[in-house]
Number of protein chains: 2
Amino acid sequence: MSATIKDVARLAGVSKSTVSRVLSNSGKYSQEAKEKVMQAAKELNYTSNAIARAMVTKQTGNIGFLIHHRHEPVLSHPFYSQLLSAVVETATVYNHGVLVFTDRDIQKCIENFQAQRVDGVILASRMTRDILERFSAANIPVVLVNHSVKVENASYVKNDDYGGAYDAVYYLLKQGHRRIGLICDPDERQRYEAYRQALHHHGVAYDEALVYFTDAKVEQGKQGARYFLGQSRLPSAIFAANDMTAIGVIKELKANGIQVPHDVSVVGFDDIEFASLYEPALTTVKVDKTLIGELAVRQLLRHINSESRNEDLGEEITLPASLVVREST
Amino acid sequence: MSATIKDVARLAGVSKSTVSRVLSNSGKYSQEAKEKVMQAAKELNYTSNAIARAMVTKQTGNIGFLIHHRHEPVLSHPFYSQLLSAVVETATVYNHGVLVFTDRDIQKCIENFQAQRVDGVILASRMTRDILERFSAANIPVVLVNHSVKVENASYVKNDDYGGAYDAVYYLLKQGHRRIGLICDPDERQRYEAYRQALHHHGVAYDEALVYFTDAKVEQGKQGARYFLGQSRLPSAIFAANDMTAIGVIKELKANGIQVPHDVSVVGFDDIEFASLYEPALTTVKVDKTLIGELAVRQLLRHINSESRNEDLGEEITLPASLVVREST
DNA sequence: CTGAAAGCGCTTACAG
DNA sequence: CTGAAAGCGCTTACAG
């Protein structure tokens, strides 16, 4: 179908070896050879075959992106779509493609990545230790995003969840709030801990009844709001540790005639694009999804390009999170 | 590194051919051979090498997803992220990976797709005819999403933009509106035409001053609102032919003390997740992004799997669009 | 039903 | 600087 290196060689009157050298710009070749090859390649409309190259170099030039959340696809979640967008753009800059899989069956995803021989993968979902070990066994470099299961020789790019959450709660405290509700994904330990500590440091007793664990979705936020609505006394502020949840909370409160921020203050987490668009605009913890994505691929590429030495390249980058005060508090 | 078919063959005491047959479940093999091979494969932790297979079968099992918009990445736009999500999920079901590229340089993307030998690609962006012809020349099947440049042997999955937009304007007309503004991406010819026709069919003169062409973004929506605000008389309704634009319009109107829908009605287009979350919840034209994504990969797979015959498989699927009336009108 | 052999399109030592 | 040859890990006729 499409021309191969062999066709080019024949037309240029040189060997395949020479063609390969000039096309990949490696090794030595004469200016004359180069011209003939280039000319022939253009004439034949030659495009390189990454598959065949990968066969020998063991590098496909593709990185994998894996995402799932409790067996549900979340690729369209604003947080992840922005992350993926940054990943794809950065990878493209470095001439890498990104291969995406989401599947309820995570084992199948791993197999696919292995079969496709990706050079490395970015894990954007919560993974268990044994899953990480499979990657390690398969000798596939990984970098984990916003993740805390430690495993050797993996890199981490994360947001300062603890700091961000602490700031959020501290801010609420400073505003005079003492009854502060928390709605949090049970996997977000850092945010939960920060909430506890901030309270503790400021002499506010921790009240279990003020904490509601649930998924990071709008509907779950509504549920959380209902949970608080069911209590004899409403918290004066709610830290919904995710913007989608925060929006659900506000909507449900409004539906029950409760004004935000007049009656209850709400702060979210993530600063998705919609946070500033919503009304009231969300006070939230800003997470730099674009930078996270960018650093994740950079870090991964570093692993990939230094496979030779078996040193532990595991590095951990934590990006600062900052509170953005808007209208919901 | 990882075990190959050869290792499995040795351990199982059969030939590579036999291993290949049982592993890919093709051709004939005895039950006995199967057991030995399976056992050996498991023991060695064998995973197939899709690259090597692609080398001979000429099928990588990957499809490409290309997106860009006037040289800007839009992967994180809610419309496209939902589309991609559906594409990835559907592809996964059919055991295909999806390789994503976004680049300002679209030629480079095409080269990458060719080099990676994707089996086909889904084009989610506006493409010019010559770009489509490159795919055709490279013999890569394509399916275009929401796209109108016709090219032979390509399939189209689109939304009934014309019908949806017509319904939206008709609805506004029925509500008694006569001065209806339009804010529209210049590439969305169908929406524009539907606007004109609906007006025409109902005896309302077309007024060029009521039409503002711009990009489908929040900021551009604000600009559009300002444009109308600058006129001596505000339209009584604005059809912002994209939800992001519609939100921008509403925000800007509000900022100027104008109530939606009390003073001005606004209808959007797309029904992104945020449309129903925003306040006022957007009246908009619902586009089934998930179904579009699903049908696009199904259609593409059909092309891929019937490459033998050279018949024109170009098919065009148009999905109905329906108006969803909420609070902004 | 099974195995030996060729071949997919490249890259990379190895000689020259 | 250049070419012949081996080999990457598979699949697929072809014999048997």
Side-chain angles (χ1 to χ4, degrees), chain A residues 1-38 40-41 44-62 111 114-119 138-139 307-308, chain B residues 1-38 40-41 44-62 111 114-119 138-139 307-308:
Chain A
M1 198 127 351
S2 39
T4 72
I5 221 178
K6 197 168 155 191
D7 302 319
V8 176
R10 194 180 313 139
L11 184 58
V14 296
S15 72
K16 290 190 299 171
S17 316
T18 299
V19 173
S20 176
R21 287 188 197 101
V22 354
L23 257 22
S24 62
N25 191 26
S26 67
K28 295 283 159 205
Y29 49 82
S30 62
Q31 182 59 28
E32 192 200 345
K34 176 173 178 176
E35 273 161 21
K36 284 191 297 186
V37 169
M38 290 313 234
L44 293 169
N45 225 309
Y46 174 81
T47 46
S48 71
N49 183 331
I51 300 298
R53 186 183 322 118
M55 196 76 213
V56 13
T57 62
K58 308 293 188 198
Q59 298 243 303
T60 55
N62 290 147
E111 244 161 62
Q114 271 193 267
Q116 294 292 346
R117 296 298 191 265
V118 292
D119 297 336
N139 214 24
E307 270 178 314
S308 39
Chain B
M1 194 126 353
S2 39
T4 72
I5 220 178
K6 196 169 156 191
D7 303 318
V8 176
R10 195 180 312 139
L11 183 59
V14 296
S15 72
K16 291 189 300 171
S17 315
T18 299
V19 174
S20 176
R21 286 188 198 102
V22 353
L23 257 23
S24 62
N25 191 26
S26 66
K28 294 285 159 202
Y29 50 82
S30 62
Q31 182 59 28
E32 192 199 345
K34 174 174 181 174
E35 274 161 20
K36 284 190 296 187
V37 169
M38 290 312 233
L44 294 170
N45 225 310
Y46 174 81
T47 46
S48 68
N49 183 330
I51 299 298
R53 187 184 320 118
M55 196 75 211
V56 13
T57 61
K58 308 293 187 196
Q59 298 244 299
T60 56
N62 290 148
E111 245 161 61
Q114 269 192 270
Q116 294 292 346
R117 296 297 192 263
V118 293
D119 296 338
N139 214 24
E307 270 179 312
S308 39

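Note that the structure is a prediction, hence the values are computed from the model and not measured.
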Between CZ of A:R10 and CG of A:L44, what distance do you get to the nearest 0.5 Å?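 Between atom CZ of A:R10 and atom CG of A:L44 there are 9.5 Å.
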Kindly compute the distance separating CE (B:M38) from NZ (B:K34), expressed to the nearest 0.5 Å.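 Between B:M38 CE and B:K34 NZ, I get 5.0 Å after rounding to 0.5 Å.
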May I ask you to evaluate whether [X] reaches the phosphate of [N], defined as a side-chain N or O under 4.0 Å from OP1 or OP2?
X: B:K58; N: C:dG9; value: yes
X: A:S26; N: C:dT11; value: no
X: B:Y29; N: C:dG3; value: no
X: B:T57; N: D:dT11; value: no
X: A:T18; N: D:dG3; value: yes

Protein-nucleic acid N or O pairs under 3.5 Å, nucleotides 13-15 of chain C:
unit_1 : atom_1 : unit_2 : atom_2 : d
C:dA13 : N6     : A:R21  : NH2    : 3.3

Report the C-alpha distance between A:V14 and A:Y29 in whole Å, list the side-chain angles of each, state the deciding distance to 0.1 Å, and finish with yes or no for side-chain contact (heavy atoms from CB on, under 4.5 Å). CA-CA 11 Å; A:V14 296; A:Y29 49 82; over 6 Å; no
[X] has an atom [atom1]; how far is it from atom [atom2] of [N], in whole Å?
X: A:K34; N: D:dC1; atom1: NZ; atom2: P; value: 13 Å
X: B:R10; N: C:dT2; atom1: CZ; atom2: C1'; value: 19 Å
X: B:M55; N: C:dC8; atom1: CE; atom2: C1'; value: 4 Å
X: B:N25; N: D:dT11; atom1: CG; atom2: P; value: 12 Å
X: A:R53; N: D:dG7; atom1: CZ; atom2: P; value: 22 Å
X: B:I51; N: D:dC10; atom1: CD1; atom2: P; value: 11 Å
X: A:I5; N: C:dT12; atom1: CD1; atom2: C1'; value: 12 Å
X: B:N49; N: C:dC8; atom1: CG; atom2: C1'; value: 13 Å

Can you check whether [Y]'s main-chain N or O pairs, donor with acceptor, with [X]'s side chain at less than 3.5 Å?
X: A:D7; Y: A:T4; result: yes
X: A:D119; Y: A:Q59; result: no
X: A:S20; Y: A:K16; result: no
X: B:T57; Y: B:R53; result: yes

Worked check of side-chain contact (heavy atoms from CB on, under 4.5 Å) between A:R21 and A:T18: CA-CA 5 Å; A:R21 287 188 197 101; A:T18 299; 3.8 Å; yes
Proximal nucleotide (of [options]) relative to the [X] side chain:
X: A:V14; options: D:dC10, C:dA4, D:dG3; answer: D:dG3
X: A:S30; options: D:dT2, C:dT11, D:dG9; answer: D:dT2
X: B:K16; options: D:dT11, C:dT11, C:dA4; answer: D:dT11

Would a 4.5 Å heavy-atom cut-off, applied to side chains only, mark B:N62 and B:Q116 as touching?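 Result no, sub-4.5 Å side-chain heavy-atom pair not found.
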Find out whether A:R117 and A:I51 are in side-chain contact, i.e. whether some heavy atom of one side chain is under 4.5 Å from a heavy atom of the other.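 Not touching, per the 4.5 Å side-chain cut-off.
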Map B:K28 and B:V56 onto DNA chain C by nearest heavy atom, then report which one ends up closer to the 5' terminus.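 Result: B:K28.
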Contact class for A:A33 vs. all strands (heavy atom < 4.0 Å): base, sugar-phosphate, or nothing?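 Result for A:A33 = sugar-phosphate.
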Starting at the 5' end of DNA chain C, what dot-bracket string do you get if Watson-Crick and G-U pairs under 3.5 Å are bracketed, crossing pairs use [ ], other-strand pairs use | and unpaired bases use dots? |||.||||||||.|||
